[in-house]
Amino acid sequence: MNSDPLKSIKVGICGFGTVGGGTLSLIQTNGEEIARRLGRDITVSRIASRSLNVSEFATSGIHVGTDPFDVVNDPDVDIVVETLGGFEPAFEVVRQALANGKHVVTANKALIAERGNALFAVAKEKGVTLSFESSVAGGIPIIKALREGLAANKINWLAGIINGTGNFILTEMAEKQRQFDDVLRQAQELGYAEADPTFDVEGIDAAHKLTIMASIAFGIPLQFEKTYTEGISHIQPEDINYAQELGYRIKHLGIARISDKGIEMRVHPTLISRKRLLANVDGVGNAVLVNGNAVGSTLYSGPGAGAGATASAVVADIIDIGRHLVAGIAAPIVPALGYQRPHQDLSVMNIEDIESEYYLRITAKDVLGVMAKISRILQDYAISIEAIIQKEADSDSVPIVILTHSAVERQLNKAIAAIEELDDVVAAVTRIRVENFSD
Ligand code: HSE
C-alpha cells in the first residue's frame with residue numbers, strides 16, 4: 001500500500017476513449033487543487049489503449065502501451081482506472097487488478113450491474129476498493145448520496161432519468177419536432193451514446209444503472225436480469241404531443257420501489273406531470289428523485305454523460321481511495337453496495353404485478369359505438385378512466401387517447417388484448433405508464 005507521504009499516488013488508465021481521456025485531462029487541469037485536498041499528488045503513470053498515438057506522450061512521463069494487463073501488473077500502479085467498457089477484457093482486467101491488491105475505479109455500468117457481485121467478492125477478499133460512482137448518472141454523485149448521505153433512511157423508492165442520450169432524443173423530439181434518428185446521430189457525435197447505441201435507446205444502459213442504484217437503496221444483490229426494460233424507440237411524435245396537451249411530458253425513467261408486495265425495478269417511457277421538476281430535466285441532463293422514510297423526497301440533477309461530467313466522478317473516486325491511502329487505511333470503510341449484511345429474502349416483482357396509471361392511444365374506425373365498446377372492456381377489467389379524448393378523424397380512423405386511474409398491469413394487458421380484438425380497432429394499442437410520485 002502506498003502510504004509514503006512523499007510519494008504521489010500512481011494511477012494507470014485502461015481504455016482511452018471519452019472517459020479515459022477526460023480523466024487524464026481533469027487530473028492534469030485540476031492537479032494542484034486536488035493535491036491541496038488530498039495532501040498528495042496524483043500522477044497518471046500508465047495508459048493502455050489500442051488507438052493511441054504513442055509519440056504524443058513522448059515527453060509526458062506517461063508509459064503508453066496497448067495491453068491493459070501491463071497496467072494491472074505494474075507494481076508501481078496504486079489505482080487502476082477501467083474505462084474499456086463492455087465485458088471482455090474488462091472483467092478480467094478488473095479481476096486481475098483486484099487480485100493483485102490494487103484499487104480499481106470503473107465507469108463500466110454493464111460490468112458492475114451484470115458481473116459486479118463476483119468482482120466485489122474479490123475486492124472484499126483482497127481488502128481493496130472497487131469504486132463505480134461514474135457508472136451511474138455521469139457527474140451526479142448519486143452513489144455517494146444513496147450509500148452515505150441517506151444511510152440513516154429506509155429508501156421507499158427512487159426514480160430517475162439516467163440515460164443522457166435518451167433524454168437528449170426525447171427533448172429534441174418534443175421541443176424541436178426533430179426526427180429520432182437525426183438526434184441519435186448527434187448524441188453519438190457529442191460522445192453521449194454507448195458504443196452500441198441500442199443500449200441507450202432500448203433502455204439497457206438505464207437498466208444497468210437502475211440495477212446498481214436499487215441494490216444500494218434496498219440492500220439487495222445486483223439483479224440485472226430481473227430489471228424490466230422497455231426502450232423509447234417506439235415513442236411516436238404524436239404521443240409526445242398528446243401527452244403535452246394533457247399536461248404531461250414523456251421521460252425515459254428508471255423506477256425502483258419497495259413495498260410489502262416486493263421490489264419493483266423497471267425502465268420504461270413514462271408520462272410525468274410537467275409541473276414536476278423531473279419532467280423539466282432536459283437534454284443530456286440526468287436527475288434522480290429519492291424518497292427516504294426520514295428525509296422525504298430529495299432530488300439530484302446534473303449532466304449525465306460526456307467527458308467532463310464522467311471524469312468528475314471518476315476522479316472523485318480516485319481522491320476517495322487516495323484519502324484512504326493517505327490515512328493508512330487499506331480496505332474501504334464503506335461497503336461497496338452500502339450494506340455489511342444485505343437482505344437475502346427480498347424478491348423482485350414481475351412487471352405484471354405492478355400497479356400504475358396508464359396512457360393508452362387506440363386507433364379505431366370512425367364509427368358509431370366504438371367508444372362505448374372500449375369503455376365496456378375497461379370496465380369489465382375494473383380499469384377506471386380518468387380522462388378520455390377523441391381526436392380529429394384522420395381519413396377513416398380516429399385516435400382515442402385515454403388516461404386510466406391506477407390499475408394492476410396484468411388486468412390492463414388483458415383489457416388491451418380485448419380492445420385489439422375489436423373489429424373497429426385497426427392498430428396495436430400504444431401503452432405508456434404514468435407516474436405521479438406522490439410520497
Ligand atoms: N450512454 C450513456 C448515456 C453514457 O447516454 O447516459 C453515460 O452513462
Side-chain angles (χ1 to χ4, degrees), residues 15-23 26 81-87 90 105-114 116 131-144 146 158-173 180-214 216 224 227 229-233 235 251-255 267-270 278 281-288 300-317:
F16 206 68
T18 303
V19 184
T23 298
L26 185 55
V81 173
E82 184 275 305
T83 51
L84 295 159
F87 298 109
V105 175
T106 180
N108 190 335
K109 49 257 160 159
L111 186 70
I112 293 294
E114 296 198 40
S131 298
F132 52 95
E133 180 65 69
S134 57
S135 68
V136 181
I140 307 170
I142 189 64
I143 300 299
K144 220 176 194 15
L146 280 172
L158 60 86
I161 296 168
I162 45 179
N163 182 268
T165 302
N167 203 42
F168 182 66
I169 293 171
L170 289 176
T171 305
E172 293 286 304
M173 283 174 74
F180 187 98
D181 290 341
D182 174 41
V183 192
L184 173 58
R185 212 170 305 114
Q186 192 187 352
Q188 289 176 288
E189 282 160 16
L190 289 166
Y192 301 158
E194 295 301 295
D196 176 356
T198 57
F199 273 50
D200 296 294
V201 298
E202 298 306 339
I204 300 158
D205 177 77
H208 284 141
K209 294 164 178 169
L210 184 74
T211 300
I212 296 169
M213 289 197 292
I216 296 170
F224 170 73
T227 300
T229 306
E230 196 181 298
I232 56 168
S233 54
I235 296 291
K251 292 290 180 188
H252 199 195
L253 291 192
I255 299 170
V267 171
H268 50 72
T270 312
L278 207 51
V281 173
D282 287 331
V284 73
N286 278 195
V288 185
Y300 309 83
S301 78
T310 314
S312 167
V314 169
V315 178
D317 275 348

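Ligands are counted one by one from 1 in listed order, and the atoms in each one are counted from 1 as well.
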Taking the six-membered ring for Trp, are F168 and Y192 parallel (under 30°), tilted (30 to 60°) or perpendicular (over 60°)?
perpendicular
Write 'none' if nothing qualifies; otherwise put on separate lines each N/O atom of ligand 1 with a protein N/O atom under 3.5 Å away and their distance to 0.1 Å.
unit_1: ligand 1; atom_1: 1 (N); unit_2: Y192; atom_2: O; d: 2.7
unit_1: ligand 1; atom_1: 1 (N); unit_2: E194; atom_2: OE2; d: 2.6
unit_1: ligand 1; atom_1: 1 (N); unit_2: D200; atom_2: OD1; d: 2.7
unit_1: ligand 1; atom_1: 5 (O); unit_2: G164; atom_2: N; d: 3.3
unit_1: ligand 1; atom_1: 5 (O); unit_2: T165; atom_2: N; d: 2.9
unit_1: ligand 1; atom_1: 5 (O); unit_2: T165; atom_2: OG1; d: 2.6
unit_1: ligand 1; atom_1: 5 (O); unit_2: Y192; atom_2: O; d: 3.1
unit_1: ligand 1; atom_1: 5 (O); unit_2: D200; atom_2: OD1; d: 3.4
unit_1: ligand 1; atom_1: 6 (O); unit_2: G164; atom_2: N; d: 2.7
unit_1: ligand 1; atom_1: 6 (O); unit_2: K209; atom_2: NZ; d: 3.1
unit_1: ligand 1; atom_1: 8 (O); unit_2: K109; atom_2: NZ; d: 2.6
unit_1: ligand 1; atom_1: 8 (O); unit_2: K209; atom_2: NZ; d: 2.8

Using a 4.5 Å cut-off on heavy atoms from C-beta on, say whether the side chain of V19 contacts that of V81.
no
Residues at least two apart in sequence or cross-chain that pass side-chain contact (heavy atoms from CB on, under 4.5 Å) with A214, listed by chain then number, are F218, A256, M265
Distance-only side-chain donor-acceptor flag, E202 / S233, under 3.5 Å:
yes
Dump the intermediate steps for side chain to side chain contact (heavy atoms under 4.5 Å, CB included) on F224 and I112, then the final yes or no.
CA-CA 10 Å; F224 170 73; I112 293 294; over 6 Å; no
Could you go step by step and tell me if K209 and D205 meet the salt bridge (Lys or Arg N to Asp or Glu O under 4.0 Å) rule?
CA-CA 7 Å; K209 294 164 178 169; D205 177 77; 2.6 Å; yes
